[in-house]
Amino acid sequence: MEAVAALFSGFVAGAAVGVFGLGIFGPLLVAVPTTNWLRRQFPDPSNWVMVSLGAALVAQAGCALLGLLLGVVLLNVADGGSPGLGSPSWQFTLGIILALAVLAAGAVAWQAWLWRRIVLVALIAAGCYGWMLPHLAAA
């Protein structure tokens, strides 16, 4: 039963990150300059509805899959984990925070003009994956 709870918690946390992340980065699909490769592939504006829908589905499924994988990681860490940092497993939470900090720093270095959105999504992901997932799995 513990494995099912961790996997389901990971799925729920990933779905939450997908919804919030799409809300933050979704408007950029419309604001992309017309010189973009993707815009040249779909010049008719009516096609952008389908492109946006496809991007939303891929983002949602990818975040949920990442949540499932992190649920498996939590299962393996939780055996030796102890409470701390406001989480049932401080080792897992600290690992998530450090991984997201490194990823966010790399993404900001690559696309500096998106730093606010990147930091916001990293904070949301840290909250959902680092705290919500262990609490849901422990409940």
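In this text the structure is predicted, and so the values were computed from the model without any measurement. Note that these values count all heavy atoms, side chains included, but never hydrogens, waters or copies made by symmetry.
At a threshold of 4.5 Å between side-chain heavy atoms, the hydrophobic network of Ile, Leu, Val, Met, Phe, Trp and Tyr places I24 and L123 in one connected group. At a threshold of 4.5 Å between side-chain heavy atoms, the hydrophobic network of Ile, Leu, Val, Met, Phe, Trp and Tyr places V72 and L74 in two separate groups. When hydrophobic clusters are built by joining Ile, Leu, Val, Met, Phe, Trp and Tyr residues whose side-chain heavy atoms come closer than 4.5 Å, directly or via intermediates, V119 is grouped together with F20. Linking Ile, Leu, Val, Met, Phe, Trp and Tyr residues whenever their side-chain heavy atoms come within less than 4.5 Å places V108 and L120 in a single cluster. L66 and V58 are not part of a single hydrophobic cluster, where members link through side-chain heavy atoms under 4.5 Å apart.
For L133 against G10, the heavy-atom pair with the smallest separation is CD1-CA, 3.4 Å. Scanning all heavy atoms of the two residues, the minimum distance from V121 to G21 falls at CG2-CA, 4.2 Å. Taking each heavy atom of A13 and M132 in turn, the nearest pair found is CA-CE, 3.3 Å.
Legend: residues meeting side-chain contact (heavy atoms from CB on, under 4.5 Å) with W113, ordered by chain and number and at least two apart, are L28, Q111.
Inter-residue side-chain proximity for L70 and F92 is flagged as met; some heavy-atom pair is nearer than 4.5 Å. Residues P83 and P88 are not in side-chain contact: their nearest non-hydrogen atoms beyond the backbone lie 4.5 Å or more apart. For the pair Q60/L22, no side-chain contact is recorded, criterion being any heavy-atom separation below 4.5 Å from C-beta on.
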For residues 124-131, run the donor-acceptor check on the side chains, cut-off 3.5 Å, and write out each pair with its distance to 0.1 Å, sequence neighbours left out.
| unit_1 | atom_1 | unit_2 | atom_2 | d |
| --- | --- | --- | --- | --- |
| Y129 | OH | C63 | O | 2.9 |
| W131 | NE1 | L85 | O | 2.6 |

Taking distance alone, no hydrogens or angles, what donor-acceptor pairs closer than 3.5 Å link side-chain atoms of residues 96-107 to residues at least two apart or in another chain?
none

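The line from CZ of F8 to CG of L68 is 10.5 Å long, rounded to the nearest 0.5 Å.
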